[in-house]
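Sequential numbering from 1 along the given sequence is applied to the chain's residues. Computed over heavy atoms, backbone and side chain alike; hydrogens, waters and symmetry mates excluded.
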Amino acid sequence: MSSCTSSSIETKSYVSNWKLSNKKASKSGATTSASATAKLYHSNGTTVLRSIDKTVKLTCDKNGKFS
């Protein structure tokens, strides 16, 4: 049986109006997941125009390959 040895998250925004937050990474058995929230701010810097939550999950099979 495979198991994850670590889990981490790195994020970067290439547009100054988008800010990334709520970054989390976790692992359990053969599955690792990472999540973050992206928020688009108005040019005034305080009003949030849009918010997107995303989660990515990766699972290894018994041979250690992502499935």
Side-chain angles (χ1 to χ4, degrees):
M1 179 171 161
S2 294
S3 66
C4 294
T5 57
S6 67
S7 181
S8 64
I9 182 173
E10 289 185 36
T11 60
K12 184 170 185 170
S13 173
Y14 294 95
V15 181
S16 62
N17 291 35
W18 283 96
K19 306 294 182 199
L20 302 166
S21 61
N22 299 330
K23 297 177 270 192
K24 298 176 199 144
S26 63
K27 63 183 180 76
S28 177
T31 302
T32 184
S33 65
S35 61
T37 300
K39 292 182 180 179
L40 174 62
Y41 284 86
H42 185 274
S43 58
N44 66 18
T46 58
T47 305
V48 177
L49 301 174
R50 188 170 181 197
S51 181
I52 301 171
D53 296 313
K54 288 293 179 182
T55 300
V56 175
K57 290 185 181 183
L58 299 172
T59 303
C60 291
D61 65 17
K62 65 180 181 177
N63 299 312
K65 299 195 186 246
F66 289 125
S67 58

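- Atoms CZ and CG, from Arg50 and Asn17 in turn, are 13.5 Å apart once rounded to the nearest 0.5 Å.
- Atom CG in Leu49 sits 8.0 Å away from atom CG in Asn44 (nearest 0.5 Å).
- Here the CD-CG distance, from Glu10 to Leu20, works out to 12.5 Å after rounding to the nearest 0.5 Å.
- Using modelled atom types, no side-chain atom of Asp53 and backbone atom of Thr37 make a donor-acceptor pair closer than 3.5 Å.
- Among all heavy-atom pairs drawn from Ala36 and Lys23, the shortest one is CB-CG, 4.0 Å.
- Hydrophobic clustering keeps Leu40 apart from Val48 (ILVMFWY residues linked when any side-chain heavy atoms are closer than 4.5 Å, directly or through intermediates).
- Taking every heavy atom of both residues into account, Ser26 and Thr32 meet most closely at O-OG1, 3.2 Å.
- Once rounded to the nearest 0.5 Å, the distance linking OG of Ser8 with NZ of Lys27 reads 11.5 Å.
- Between Ile52 and Trp18 the shortest heavy-atom distance is CD1-CH2, 3.9 Å.
- In terms of heavy-atom proximity, Ala25 sits nearest to Ile9 at CB-N, 4.0 Å.
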